[in-house]
Amino acid sequence: MTGQATTVMRMRFLIIFALTAAFTFSVWVTPACGQDPADVNSKTIRVRFENDRVRVLEAILPPGSKEQVHSHPAYVIYVLAGGRYRNYAADGKITEGTFQTGDVIYRDPLTHAAENIGDKPMHFILVELKSEAASGTSARPLQREAICRNLGLPLPV
């Protein structure tokens, strides 16, 4: 093989390798940026209200149902019908617990999946916070939007 042919083969290999690596990286990272709970769990979660400050979701998890992994900014949960759950955190930690009807819970931003391990449907209202409520400042970016911006990826819709 001539030197020119070897160079062409190396270039082809590098291009194919670079495209494969870029595709693999985008497939691996893009879901993390597009994990809107209302999209990936559309059978159990729906948007009830949204403005520039909050988004209100209603979630009904039948017994035995397990959500797809999704992300929330800081949010508040109001439990309309409680039950036993298993939570799968993004760091691999698995926890179990019980929500009592009438509970109100604040959570910092997180990526997770939840599973109803009880024998009755669980029903929640989730209020996702989009901005500093009383500061008068502009809305701060959601955690998943900040990650996408830092990686130069398109923002979730």
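If you read the sequence from its start, that first residue is 1, and numbering goes on from there.
Rounded to the nearest 0.5 Å, atoms NE2 (His72) and OG1 (Thr111) are 9.0 Å apart. One finds the CD atom of Gln35 at 10.0 Å from the CG atom of Asn41 (value rounded to the nearest 0.5 Å). Of the inter-residue distances, the one linking Met122 atom CE with Leu80 atom CG reads 12.0 Å to the nearest 0.5 angstrom. Asp39 contributes atom CG, which lies 10.0 Å from atom CD1 of Ile45 (distance to the nearest 0.5 angstrom). The line from OG1 of Thr44 to CG of Leu57 is 10.5 Å long, rounded to the nearest 0.5 Å. To the nearest 0.5 Å, atoms NE2 (His112) and OG1 (Thr95) are separated by 10.0 Å.
Between Pro37 and Glu128, the closest heavy-atom pair is CG-OE2, 3.8 Å. Between Asp52 and Lys130, the shortest heavy-atom distance links the atoms O-CB, 3.6 Å. When all heavy atoms of Pro63 and Gly118 are compared, the closest pair comes out as CB-O, 3.4 Å. Scanning both residues, Tyr78 and Gly102, for their nearest heavy atoms gives CE1-O, 3.9 Å. When every heavy atom of Tyr85 is checked against every heavy atom of Thr98, the shortest pair comes out as CE2-N, 3.5 Å. Taking each heavy atom of Ala81 and Pro121 in turn, the nearest pair found is CB-O, 4.0 Å.
Val79 is linked by a side-chain contact (heavy atoms from CB on, under 4.5 Å) to Ile77, Phe99, Asp103, Ile105, Phe124, counting only residues two or more places apart in sequence or in another chain.
Val69 and Val40 fall into different hydrophobic clusters, where Ile, Leu, Val, Met, Phe, Trp and Tyr are joined by side-chain heavy atoms under 4.5 Å apart, directly or via other members. Both Leu129 and Val104 are part of a single hydrophobic cluster, where members link through side-chain heavy atoms under 4.5 Å apart.
Judged purely by atom type and a 3.5 angstrom limit, Lys93 has no side-chain atom pairing as donor or acceptor with the backbone of Asn87. With hydrogens and angles ignored, the 3.5 Å screen pairs a side-chain donor or acceptor of Thr101 with a backbone N or O of Gly82. Judged purely by atom type and a 3.5 angstrom limit, Glu67 uses its side chain to pair as donor or acceptor with the backbone of Ala114. A donor-acceptor pair under 3.5 Å is formed between the side chain of His70 and the backbone N or O of Gln68.
Evaluation of the salt bridge (charged side-chain N to carboxylate O under 4.0 Å, His left out) test over residues 72-88, restricted to residues two or more places apart or in two chains, returns Arg84-Glu96, Arg86-Glu96, Arg86-Glu115.
The only member of Leu110, Val56, Val54 that meets side chain to side chain contact (heavy atoms under 4.5 Å, CB included) when paired with Tyr75 is Leu110.
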